[in-house]
> 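Before we start, here is the structure in question, set down as structure tokens.
When a ligand or atom number is given, it counts from 1 through the structure's own listing order. Computed from a predicted model, the values in this text were never measured in an experiment. What's counted below: heavy atoms across the whole structure, side chains too, no hydrogens, waters or symmetry copies.
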Amino acid sequence: MAIATINPATGERLCQYPELTEREIDEKLDIAHRAAQIWRKTPIEERTRVVRRAGELLEQRSIEYGRLMTLEMGKPIRAAIDEAKKCATACYYFADHAAEFLTDEKVDAKDERSYIAFEPLGVVLAVMPWNFPFWQVIRFAAPALAAGNVGLLKHASNVPQCALAIEQLFEEAGAPGGVFQTLLIGSQPVAQILADDRVAAATLTGSEGAGSSVASIAGKHIKKTVLELGGSDPFVVMASADFDAAVKTAVAARAINNGQSCIAAKRFIVAEAIADRFTDAFVERMRALVVGDPMSERTNIGPLATEQIRRDLHDQVTRAVAAGATLRLGGRARDGDGFFYEPTVLTDLSSESPVMREETFGPLAAIVRARDLDHAIEIANDSRFGLGAAAWTRDEDEIDGFSRGLAAGVIVINGMVASDPRFPFGGVKKSGYGRELSAFGIREFVNIKTVRVMQPETAKAAAAE
Ligand code: NAP
């Protein structure tokens with residue numbers, strides 16, 4: 001895939017970048033490796049000062065960065081500006097809390113000075129997706145840099161300008177040279193970079209295939225990985241739910257980011273008693289979404305990010321209908337320029353339907369019916385993925401049932417799944433492993449080091465035990 005900006009709203013290729021040569025990659029690895037030796041010894045107050053400054057710049061430049069995101073991958077401009085602001089909050093959060101999360105932990109051991117220290121691993125390779133081109137990178141970089149690691153970003157090939165803007169952001173925030181670098185490369189050189197001794201660990205946010213490939217290569221070289229992969233999040237609505245709020249939130253949860261979010265609600269599981277009413281109301285709200293120019297503040301749904309994504313989505317719709325699904329809305333690409341797809345709703349789906357089994361990346365909702373709590377949980381958990389899950393109910397037993405019974409990394413009751421710097425974020429099953437954000441996230445890329453300073457007499461006694 002060429003490293004290029006192609007405006008998905010028009011299909012126009014705006015610019016293209018040459019890939020780094022092997023020699024250029026090697027130079028950047030050297031720079032990163034050297035920077036890591038210095039950055040790890042830089043006091044945490046200085047490291048968090050850089051992260052805070054990055055947050056301030058993100059906030060000040062939210063419109064500029066927002067326009068860049070919309071230009072390269074087509075999300076509605078309002079959401080893009082909000083994404084830049086959310087990045088700022090994550091920077092502030094880790095600037096405020098990193099020192100506390102990484103403070104030595106004392107261990108109460110007799111006659112010893114014992115503690116657990118959290119030390120940086122070194123150079124971390126971050127392979128990132130285009131769908132939240134700033135947020136995915138910042139939520140890795142803010143804690144990683146605060147912890148004393150050095151970042152190497154291999155961003156998705158269709159968002160090179162965002163990738164370069166983030167590199168410049170950290171430079172302007174005061175990060176010393178080499179602490180955060182962008183590598184303009186495709187996926188092919190990733191294997192060689194992972195094998196390199198100068199790289200300590202890797203994180204990947206993206207598809208199952210990419211995650212499996214990166215993790216297996218990293219595993220071969222005994223390197224830690226965090227994987228944030230796909231999702232097919234369930235959104236359950238029970239009879240006791242606040243109906244209007246549930247319908248409104250359900251549509252927002254499906255439409256977010258033009259439907260291209262790992263934690264977008266994709267499978268809507270509705271109690272039989274309200275299923276017809278819910279489906280009618282949901283279809284009407286999906287129909288009312290404004291599809292169009294993502295630079296317009298009025299737009300709810302912009303284009304899909306690439307022609308291929310639109311083709312894949314339409315293929316899923318076609319296969320689902322061929323297998324017996326009812327098309328309640330949409331189901332076709334928009335005529336004209338750009339990669340637009342109509343908001344689409346499918347019903348009458350078997351558990352084997354492609355839209356129930358595969359991740360759907362676009363404005364495509366699948367609605368199915370559930371008899372009761374247990375049946376809803378059974379359908380929700382019948383997925384290879386386990387990233388997020390939402391359930392709407394006012395019944396206390398059902399709240400407890402869903403909270404404990406849904407198999408996912410993030411459960412939200414009476415709301416929609418969203419990441420928040422204060423809470424760990426990540427999945428189970430094929431949605432990946434490891435966590436980002438919160439104290440758990442910052443500790444993914446540290447050496448959790450046990451230190452025991454014993455009195456010689458104690459050591460003798462311990463050895464005799
Ligand atoms: P993708 O095709 O897997 O690409 C993600 C990144 O991986 C890109 O930088 C891509 O580079 C690279 N890549 C692809 N194949 C690779 C390989 N074999 N070896 C090394 N690198 C490889 O995914 P995407 O289409 O950009 O993003 C959508 C996916 O990301 C969805 O499945 C979505 O659910 C998931 N996602 C998950 C989360 C989460 O937090 N769990 C968040 C956002 C997105 P190129 O662009 O050069 O191919």
> Identify, by atom number and element, the atoms of ligand 1 in contact range of F425, meaning under 4.0 Å from any of its heavy atoms.
40 (O)
> Between R328 and T347, does any side-chain donor sit less than 3.5 Å from a side-chain acceptor?
no
> What residues, two or more places apart in sequence or in another chain, satisfy ring-ring contact (aromatic ring centres under 6.0 Å, His included) together with Y65?
F134
> Looking at CG of N257 and CD1 of I301, how far apart are the two atoms once the value is rounded to the nearest 0.5 Å?
10.0 Å
> Below a 4.0 angstrom heavy-atom separation, can you tell me which part of I309, side chain or backbone, both or neither, approaches ligand 1?
neither
> For F440, does the CZ atom have more than 12 heavy-atom neighbours from other residues, nucleotides or ligands under 6.0 Å away?
no
> Please indicate whether any nitrogen or oxygen in S157 is less than 3.5 Å from any nitrogen or oxygen in ligand 1.
yes
> Is it true that R139 lies under 4.0 Å from ligand 1, counting heavy atoms only?
yes
> Go through ligand 1 atom by atom and flag the ones less than 4.0 Å from a non-hydrogen atom of K154.
9 (O), 11 (O), 45 (P), 47 (O)
> At under 4.0 Å between heavy atoms, which part of S213 makes contact with ligand 1: side chain, backbone, both or neither?
side chain
> Are any of the side-chain heavy atoms of K86 and S419 separated by less than 4.5 Å?
yes
> Which ligand 1 atoms, with their elements, are less than 4.0 angstrom from a heavy-atom of H155?
9 (O)
> Please state which protein non-hydrogen atom is closest to atom 41 (N) of ligand 1 and give its distance, to 0.1 Å?
L229 O, 2.7 Å
> Protein heavy atoms near atom 1 (P) of ligand 1, is at least one of them under 4.0 angstrom away?
yes
> If we set the cut-off at 4.0 Å for heavy atoms, which region of T205 has an atom near ligand 1: side chain, backbone, both, or neither?
both
> List the steps, then state whether side chain to side chain contact (heavy atoms under 4.5 Å, CB included) holds for R47 with L145.
CA-CA 7 Å; R47 301 196 305 244; L145 264 54; over 6 Å; no
> Heavy-atom contacts under 4.0 Å between Q136 and ligand 1: side chain, backbone, both, or neither?
side chain
> Could you go through the side chain to side chain donor-acceptor pair (under 3.5 Å) check for T360 and Q316 one step at a time?
CA-CA 8 Å; T360 54; Q316 288 173 314; 5.4 Å; no
> Under the salt bridge (Lys or Arg N to Asp or Glu O under 4.0 Å) test, which residues partner R357, sequence neighbours left out?
E352, D382
> Are any of the N/O atoms on P129, whether in the backbone or the side chain, positioned under 3.5 angstrom from an N/O atom of ligand 1?
no
> Tell me whether the guanidinium CZ or amine NZ of R254 lies under 6.0 angstrom from the six-membered ring centre of F268 and within 45° of its axis.
no
> For atom 8 (C) of ligand 1, which of the options M128, E228, E19 provides the nearest non-hydrogen atom?
M128
> Which of the numbered atoms in ligand 1 are below 4.0 angstrom from a heavy atom of L387?
41 (N)
> Looking at ligand 1, does any of its N/O atoms fall within less than 3.5 Å of an N/O of S207?
yes
> Is the side chain of Q181 donor-acceptor paired with the backbone N or O of K28 at a distance under 3.5 Å, no angle test?
yes
> Ignoring angles and geometry beyond distance, decide whether E359 reaches within less than 3.5 Å of ligand 1 through its nitrogen or oxygen atoms.
yes
> Give the atom numbers and elements of ligand 1 that come within less than 4.0 Å of a heavy atom of V127.
6 (C), 7 (O), 9 (O), 12 (C), 21 (N)
> Taking only heavy atoms of F361, which atoms of ligand 1 are found under 4.0 Å from at least one of them?
28 (C), 31 (C), 33 (C), 34 (O)
> Look at atom CZ of R422 and say whether more than 12 heavy atoms of other residues, nucleotides or ligands are closer to it than 6.0 Å.
no
> With a cut-off of 4.0 Å, which atoms of ligand 1 are near a heavy atom of N131?
43 (C), 44 (C)
> Using 30° and 60° as the class limits, which term best fits the ring planes of H97 and F101: parallel, tilted or perpendicular?
parallel
